[in-house]
Every structure is written in C-alpha cells, then in structure tokens.
A.B. asks: 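Quick one: this structure, given as structure tokens, is what I'll be asking you about.
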Amino acid sequence: MDMGTSHKRLGKTRNIKYLEKIRFSLQQSIDMKKEIDERRKMGQFSTSYSLANEIMEYGLSLIHSDEITFLEPAFGTGVFYSALLYKSDLIEKHIKGAMGIEIDLEYFNIAYSVWKESEICLLNADFTKIEPTNKYNFIITNPPYVRHHYISKELKKKLMNQVKEEIGLEISGLSGLYCYFLLLTHKWLAPGAICGWLLPSEFMDVNYGSVIKEYLLNKVHLLRIHRYDPEILQFDEALVSSCVVWFKNEIINDDYVVKFSYSGTHEEPKCSKLIRKSELLSECKWTRFPEKSVRYNENTVTLGDFFTIKRGLATGDNNFFILSKEQIADLGLELSFFKPILPSPRYLKTDFVETDSQGYPKLDPQFFLLDCELTEDEIQIKYPDLWTYLESGENTTGKKYLCKNRKKWYWQEQRQPTKFLCSYMGRGNHESAPIRFILNLSEAVATNSYLMLYPKDTLQEIILYNPNVIFQVWEILKDITANDIEEEGRVYGGGLKKIEPKELSKVHCDKLAVLCLENEIEKKE
C-alpha cells in the first residue's frame with residue numbers, strides 16, 4: 001500500500017470518528033428526553049459504541065467476501081453502522097450496499113442527519129411490515145427488547161401468523177418482540193449471510209425461547225454464542241443478561257460443534273467450550289454452557305417427585321387488596337372477608353413463620369388479603385362499608401390488567417396455605433443459595449413473590465403420620481446448594497437470579513428420597 005492510500009484511509013477513519021461523536025451526542029440528548037416507561041414499551045435500550053465495535057470486529061472476521069451488503073432492522077441512530085464504517089475501513093472491506101430501518105421518527109431523524117452523506121438507504125418504518133427488495137450478507141443488530149405484555153393481542157396474532165407462514169415455526173404468545181425480529185429477518189438473508197444478534201440471554205432458558213433454538217439448529221447454521229457476564233450490565237436501566245448469537249444462513253444436516261463463550265470479549269473470553277448440535281437438541285438450558293458440562297443422566301430424584309409447585313396468587317394490586325389489621329379496623333371492614341397473607345420476602349425477616357391460635361402468622365405487623373366472593377349487589381345491600389371501599393378502587397385498581405380480566409374485578413385467585421414456600425428471586429453467590437426456603441406453620445397464603453410447595457401423596461402421608469417430619473423436610477430444602485438452584489434457574493442483568501415453578505421442580509434432591517424411605521421403613525416396623 002502506498003503512502004497516498006494510507007493518508008486517504010486515515011482521513012476517512014477520522015471523519016467516521018467525528019460523525020460518531022455527533023451521533024452519540026444527539027442520541028444522548030434524545031435518550032434523556034424520553035421517559036423510561038416509553039423506552040421500555042418501545043424496547044429502546046441503546047448499544048454502547050465500545051460494545052458495537054467489539055461485536056462488529058468479530059462479525060467482520062466471519063465474512064470471507066470483500067464486499068458487504070449490510071442490514072440493520074432496528075437501526076436506532078446507527079451505532080452498528082458507525083462501527084461497521086470504522087472497522088471495515090481498517091481492514092479494507094468494501095460496503096457494496098446498506099439498509100437501516102428505524103420505526104421511531106426522532107431516532108430516525110438523528111440517524112438521517114448523521115449518515116445522509118454515506119451510502120446507506122435509511123427507512124422510517126416498522127420492520128415487521130416491510131417486504132425485502134434485496135438480500136443482505138451481513139446483519140448485526142440489537143433488536144427491540146419489548147416484553148410480550150407490551151404487545152397488543154392483535155399485533156401478536158399478526159406476527160405469529162407471519163412467522164408460521166414465512167418459516168413454518170410456531171411461536172409462543174409469551175415471546176418478546178426481539179424473537180419476531182430475528183425470525184422475520186430470515187427472508188432478508190442472502191445465501192451464506194453472517195448474522196450477529198445482540199439478545200437477552202433468557203431465550204436460552206425459557207419455554208418461549210424454544211422456537212429460537214429450533215430455528216438456530218434447524219433453519220440456519222449456529223456458529224457461536226458469546227454470553228456477557230450478567231453482573232456487568234450492557235444496557236443502562238435494563239436488567240437483562242446479554243449474549244450475541246452468531247449464525248450463517250445455510251443448513252447443515254450433519255452434527256457439528258458450536259462455540260459457547262462466557263464473559264470478557266469475543267476475542268478474550270473468560271472461558272469457552274465446543275458443544276455438539278446433537279447435545280444442544282437435548283439440553284433445554286443453554287446458559288449452563290460453557291461453564292458446565294453436558295447433562296446425560298436425567299434419572300435423578302427431583303423436588304417435583306415430592307411437591308406440586310405453584311406460584312403464589314397474583315392480587316392485581318397488593319396495595320389495595322392487602323391490608324394490615326389496623327387498616328381493616330380503621331376502614332370499619334369485617335375481618336371475615338380477609339385471610340392472612342405473608343408479607344413479601346423482602347419484608348419477611350424470618351424463614352420460620354410461627355402461628356397463633358387463630359392460624360395467623362406471628363408477625364408484626366400482620367397482613368390480610370381481601371377475598372370476598374359476593375356479588376356487587378349483595379355487598380352493597382349487606383356490607384355498605386366494604387362496598388364503599390370497593391367503590392374507591394373500581395376506577396383505579398379495577399382497571400388494572402389482572403383485575404379487569406376477571407369475572408368480578410375484586411375476586412381473587414385461590415391458593416391453599418402450605419407449610420413450604422420459597423422466594424423465587426434473589427442474588428446470592430456460589431456459597432449461598434439465591435432463594436430462601438420458608439417453613440410456614442400458619443394458615444397464611446402468599447403472593448406471587450413466592451413459590452408454594454404442596455407435598456404430593458407420598459410425602460403428605462409421611463407428614464400426617466409424623467408431623468415433626470416437616471422440620472426435617474425444611475432442613476433438607478435449606479441444604480439445597482446454590483449450584484443446584486442455578487443449574488435449573490436463570491440469571492438476569494446485575495446478577496439477579498430467578499427460578500420458576502417448573503424449573504424448581506427439576507432441582508435435584510436425593511435427601512428427600514432417603515427421608516421418605518426411612519419413614520416408610522419406620523411405619524412398617
């Protein structure tokens with residue numbers, strides 16, 4: 001390369017850096033103006049330039065062609081395009097064509113003002129409604145992280161039908177918008193296209209993510225998944241654990257290996273491991289890789305063998321439906337319309353809840369759930385004080401999502417009390433489990449901030465025969481290790497750990513089998 005070409009490239013690189021400074025400044029100004037709730041509904045969590053550069057550098061290393069046709073279906077203000085211009089200039093890749101699509105007019109206007117002199121086609125539109133006029137061989141994107149409850153029923157139905165028609169896959173209605181983006185981009189891909197998707201890691205563990213895993217293993221060639229350390233947030237104001245999924249638009253029917261890496265960067269991960277496609281087909285939790293090995297033997301004893309596990313009840317509005325005894329008295333309400341309920345795990349300072357003679361938990365303060373199954377007419381005639389209270393919440397609490405979808409907005413879900421509960425979310429570490437197991441001797445029920453463990457027949461019979469067994473069961477539950485919980489649970493940004501009922505039911509617990517066997521022998525003797 002002669003000196004003239006070198007100086008020309010240096011000037012172009014400097015110009016890209018200058019445009020990036022302008023882009024970043026303008027994006028910051030608009031991010032600060034938007035309310036966080038609006039950004040969550042639109043999934044607008046911007047990628048940092050340093051992260052975009054790291055991802056882009058690895059993506060370009062996978063491209064064997066010197067000519068790039070680039071697509072960004074969630075363009076924002078163009079951070080990935082900025083990184084593409086900078087990195088491709090350094091390694092002399094030619095950008096033959098590029099398209100960026102952005103639904104938000106304010107972000108689009110910033111992108112257009114910054115990149116209008118470059119060779120990119122920018123479109124202010126909803127990506128899911130556009131038919132491609134060209135195919136692209138390079139896609140790098142951070143699709144909108146919009147949770148399913150922010151997507152209207154009508155739009156969900158439309159998107160689900162699109163996915164079915166275009167790639168023949170059934171997608172769950174619980175899927176976030178990013179799932180639809182990934183699947184609906186398939187028709188834009190040129191043969192052999194390289195794709196890098198910055199996604200929430202949760203798709204690798206949750207049920208709705210199964211369609212994404214099916215797509216990655218059967219419709220394209222999955223190359224690599226790099227998962228960032230969840231303790232280090234990649235996005236401000238979004239508690240999400242992030243990963244980058246890399247695949248090539250080709251189908252490989254034979255078994256092959258996929259690289260899983262964790263923490264650090266693509267170039268220098270903390271650890272990595274090659275996992276076979278056949279192993280991924282049988283493993284439902286991909287976040288166990290690369291730190292943990294493939295699970296082959298599933299013939300183990302689990303909590304689900306001894307408990308039916310349900311989430312606690314969802315009131316629809318805890319502040320309205322859950323009151324202290326003092327509040328109930330001040331409102332002149334009858335305690336007969338209330339049942340005892342535990343405070344949230346955050347405010348429950350003990351793991352051993354004792355009971356008084358009425359079945360109420362020995363806690364201060366005591367809380368009670370409004371649980372009235374009478375009709376409005378019956379309440380209005382017979383219980384005017386209760387009617388007055390319900391009227392005060394009809395146009396507020398009564399309009400909330402759960403309440404308005406009930407037969408009567410104030411009717412509650414039903415849960416029976418149980419002796420065994422656990423908090424299903426926490427931080428913990430490798431020494432301490434992220435969740436707490438609680439022994440509840442009272443008749444209090446619990447909200448959906450708990451999981452409720454109901455003994456199945458075998459264990460229940462043993463408890464009825466020897467009530468003191470409940471203390472042994474509780475000690476066994478408390479001995480479940482952090483590793484056992486994390487084997488089945490999931491991790492969110494900031495290190496928040498969570499486990500759902502079905503996941504908890506899969507947690508190994510051989511000691512319960514031993515306890516049941518010992519008590520069965522004792523009964524026979």
Side-chain angles (χ1 to χ4, degrees), residues 45 47-48 50-59 61-62 80 139-143 145 176 178-179 181-182 194-217 220-236 238-248 257-277 279-281 283-295 427-430 434 482-483 485-500 503:
F45 299 103
T47 311
S48 69
S50 59
L51 180 59
N53 258 330
E54 189 248 313
I55 293 170
M56 187 59 65
E57 183 172 16
Y58 180 74
S61 73
L62 300 176
F80 281 113
I139 289 85
I140 305 286
T141 186
N142 167 22
Y145 181 57
Y178 72 91
C179 298
F181 260 67
L182 189 151
I194 295 296
C195 305
W197 288 76
L198 179 56
L199 301 177
S201 299
E202 66 185 41
F203 89 87
M204 292 192 275
D205 293 339
V206 297
N207 289 335
Y208 75 73
S210 60
V211 69
I212 301 299
K213 291 185 274 192
E214 182 181 355
Y215 171 78
L216 294 174
L217 295 178
V220 293
H221 176 193
L222 179 58
L223 302 172
R224 179 178 182 178
I225 297 180
H226 177 74
R227 186 162 59 94
Y228 294 101
D229 187 339
E231 299 281 353
I232 304 170
L233 290 176
Q234 302 300 324
F235 300 98
D236 295 334
L239 289 177
V240 58
S241 175
S242 304
C243 67
V244 187
V245 178
W246 296 98
F247 59 88
K248 187 175 183 179
V257 293
V258 179
K259 184 175 183 178
F260 279 76
S261 54
Y262 174 72
S263 192
T265 64
H266 283 77
E267 186 67 26
E268 296 183 356
K270 177 182 176 182
C271 57
S272 63
K273 185 177 290 184
L274 297 177
I275 307 295
R276 301 202 69 82
K277 172 186 171 181
E279 293 167 335
L280 293 174
L281 285 167
E283 174 56 61
C284 62
K285 287 197 172 291
W286 288 7
T287 53
R288 65 181 291 104
F289 306 126
E291 296 178 289
K292 297 172 183 174
S293 302
V294 177
R295 293 185 285 192
R427 296 195 181 272
N429 52 47
H430 290 300
N483 184 65
I485 297 295
E486 291 170 21
E487 281 273 312
E488 301 299 338
R490 59 192 77 167
V491 183
Y492 291 89
L496 183 66
K497 295 165 185 176
K498 180 180 176 183
I499 193 161
E500 298 289 352
E503 295 167 339

A.B. asks: Under a 4.5 Å cut-off applied to non-hydrogen side-chain atoms, are Lys285 and Glu283 in contact?
C.D. replies: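 Side-chain contact under 4.5 Å: yes.
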A.B. asks: Only counting residues at least two apart or in another chain, list the ones meeting ring pair (Phe, Tyr, Trp, His ring centres under 6.0 Å) with His266.
C.D. replies: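 Per chain and number, His266 pairs via ring pair (Phe, Tyr, Trp, His ring centres under 6.0 Å) with Tyr58, His226, Trp246.
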A.B. asks: Could you list the residues that satisfy side-chain contact (heavy atoms from CB on, under 4.5 Å) with Val258, not counting sequence neighbours?
C.D. replies: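 Only Leu222, Tyr256, Phe260, Leu280 meet the side-chain contact (heavy atoms from CB on, under 4.5 Å) criterion with Val258.
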A.B. asks: Is the side chain of Thr47 donor-acceptor paired with the backbone N or O of Ala52 at a distance under 3.5 Å, no angle test?
C.D. replies: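 No.
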A.B. asks: Does a side-chain heavy-atom distance below 4.5 Å link Phe203 with Val245?
C.D. replies: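 The answer is yes, as the side chains (C-beta and beyond) meet within the 4.5 Å cut-off.
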A.B. asks: Only counting residues at least two apart or in another chain, list the ones meeting salt bridge (charged side-chain N to carboxylate O under 4.0 Å, His left out) with Glu487.
C.D. replies: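 Counting only residues at least two positions away or on another chain, Glu487 forms a salt bridge (charged side-chain N to carboxylate O under 4.0 Å, His left out) with Arg288, Lys292, Arg295.
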A.B. asks: Considering residues at least two apart in sequence or located in another chain, which fulfil the side chain to side chain donor-acceptor pair (under 3.5 Å) criterion with Lys248?
C.D. replies: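 Lys248 satisfies side chain to side chain donor-acceptor pair (under 3.5 Å) with no residue once adjacent residues are dropped.
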A.B. asks: If you measure from CZ on Arg276 to CG on Leu281, what distance do you get to the nearest 0.5 Å?
C.D. replies: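 One gets 11.5 Å once the value is rounded to the nearest 0.5 Å.
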A.B. asks: Take Phe247 and Tyr215 through the test ring pair (Phe, Tyr, Trp, His ring centres under 6.0 Å) and record every step on the way to the result.
C.D. replies: CA-CA 10 Å; Phe247 59 88; Tyr215 171 78; 5.7 Å; yes
A.B. asks: Tell me every residue that passes side-chain contact (heavy atoms from CB on, under 4.5 Å) with Ser50, counting only those two or more places apart in sequence or in another chain.
C.D. replies: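 For Ser50, the residues satisfying side-chain contact (heavy atoms from CB on, under 4.5 Å) (neighbours in sequence not counted) are Ser48.
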A.B. asks: The criterion is side-chain contact (heavy atoms from CB on, under 4.5 Å); which residues satisfy it with Lys259, sequence neighbours excluded?
C.D. replies: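 By the side-chain contact (heavy atoms from CB on, under 4.5 Å) rule, Lys259 matches Arg224, Ser272, Leu274.
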A.B. asks: With Asn53, which residues qualify under side-chain contact (heavy atoms from CB on, under 4.5 Å), at least two apart?
C.D. replies: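 Residues passing side-chain contact (heavy atoms from CB on, under 4.5 Å) with Asn53: Tyr49, Ala83, Tyr86, Lys87.
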A.B. asks: Hey, could you give me the CG/CD1 distance between Leu62 and Ile194, rounded to the nearest 0.5 Å?
C.D. replies: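 If I round to the nearest 0.5 Å, the distance is 5.0 Å.
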A.B. asks: Got a sec, which residues hit salt bridge (charged side-chain N to carboxylate O under 4.0 Å, His left out) with Glu500, two or more places apart in sequence or on another chain?
C.D. replies: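 Listed in chain order: Arg311, Lys498.
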